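In what follows, a single structure is set out as structure tokens and then discussed.
Ligands are counted one by one from 1 in listed order, and the atoms in each one are counted from 1 as well. Starting from 1, each residue takes its place in the sequence as its number. Not measured: the values here are computed from a predicted model.
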Amino acid sequence: MSSSIEEGIITPKGDMVSYTSYLKVHELLDLQKPLSSPPEHDEMLFIIIHQSYELWFKQILHELDLAELDLKNNNAFGALKTLKRITTIQNILTQQVSILETMTPNDFNLFRSRLNPASGFQSHQFRVLEFRMGLKDKNFLKFFQTAPDGKMAMEKALAAPCFYDHLMGFMARRGYDIPGSILSRDVTTEWTPSQAVEDVFTTIYQNHTSHYEAYWLLESLCDLDQQFTLWRYRHVAMVERMIGARIGTGGSSGVKYLTATLQKRFFPEIWSLRGRLGSATPYGKQ
Ligand code: HEM
């Protein structure tokens, strides 16, 4: 019987770089350490899903570095390309929630107490992402006293301009009327919605055919913001399905706390401008 393996396929030898060595497969597969005893089958899924989220968060932050650099270099096409990759990853992150929902609440309760007080609340990469998008709530730092590396990454993100600051610089260089007070704002603080920025964006949307580049950049950021919100919705629905109205392992009110976060927006003006598009209602401007 003839072999289905082609003759040309290389057999790794000696210290040749291989799939296993390059990707550190052994190390990767050694990182899942369930705590339940006797072992609970679903704890492996719980660990792997969280670890894969953290890997994708890492990739998103890596892509954000590039998108910011693209804006600094006035490379709108590069930024658009990178934002597309980010939103494609986000889409997968949202869909991934349903894998976890194959675990029943009863299965989860078999090992949930072992996690206490660990919680997604303590994901520093998630918080860095929020900070880099302008939601710089310094209060979150206090939850990272025992995680100095994570705290340092958060402090770095707090001190640096957020993505919106880079966008404002780019738009000003493209000739848009971004106020000096926005361009010289204290970047260590949370972004506060600006009427002047909303006015600029509204003009772009009202005349999008003559502002194609800026229009598509703003639409890409709307996609990113929306994808993040969709993840928040999907996560809180899953949490309610798993634990109902119980408090979280991180000590928050759980579903109540998470529901309040659904109001968060990274780019508020990109949302608010939409109320100004089109003609006024028959009852006048609303
Ligand atoms: C059975 C599955 C899960 C349950 C029951 C659950 C529950 C919760 C709860 C109750 C909170 C609020 C904080 C607290 O008091 O703990 C929370 C926050 C959070 N969870 Fe989950 N979670 C689950 C899965 C996940 C997964 C797979 C991720 C992926 C990374 C994740 C990421 C987060 C993040 C980032 C927060 C902070 C959200 C914010 O502050 O806006 N969770 N989770």
Numbered atoms and elements of ligand 1 in range of [X], under 4.0 angstrom, heavy atoms:
| X | answer |
| --- | --- |
| G254 | 10 (C) |
| M242 | 1 (C) |
| F46 | 1 (C), 2 (C) |
| R232 | 41 (O) |

Does the side chain of [Y] come within less than 4.5 Å of [X]'s, by heavy atoms?
| X | Y | value |
| --- | --- | --- |
| I60 | L93 | yes |
| F163 | L71 | yes |
| W191 | E269 | yes |
| R174 | N74 | yes |
| D42 | T104 | no |
| I270 | D225 | no |
| Y164 | F266 | no |
| D177 | D199 | no |

Would you confirm whether the ring centroid of F108 sits within less than 6.0 angstrom of the ring centroid of F111?
yes
Which bit of W231 gets closer than 4.0 Å to ligand 1, counting heavy atoms only: side chain, backbone, both or neither?
side chain
Just to be sure I read this right, does ligand 1 sit under 4.0 Å from the backbone of L100, its side chain, both, or neither, counting only heavy atoms?
side chain
H41: partners by side chain to side chain contact (heavy atoms under 4.5 Å, CB included), with sequence neighbours left out
none
Starting from atom 40 (O) of ligand 1, find the nearest protein heavy-atom neighbour and note its residue, name and distance.
Y257 OH, 2.5 Å
So which protein heavy atom does atom 26 (C) of ligand 1 come closest to, and at what separation?
H50 NE2, 3.2 Å
With sequence neighbours left out, what residues match H235 under ring pair (Phe, Tyr, Trp, His ring centres under 6.0 Å)?
W231
By ring pair (Phe, Tyr, Trp, His ring centres under 6.0 Å) - contacts of Y233 (at least two apart):
none
Under 2.8 Å from atom 21 (Fe) of ligand 1, the protein N, O or S atoms found are H235 NE2
Is it true that M238 lies under 4.0 Å from ligand 1, counting heavy atoms only?
yes
I'd like to know if F140 contacts ligand 1, where contact means a heavy-atom distance under 4.0 Å to any ligand atom.
no
N or O pair under 3.5 Å between [X] and ligand 1:
| X | value |
| --- | --- |
| M103 | no |
| S252 | yes |
| R127 | yes |

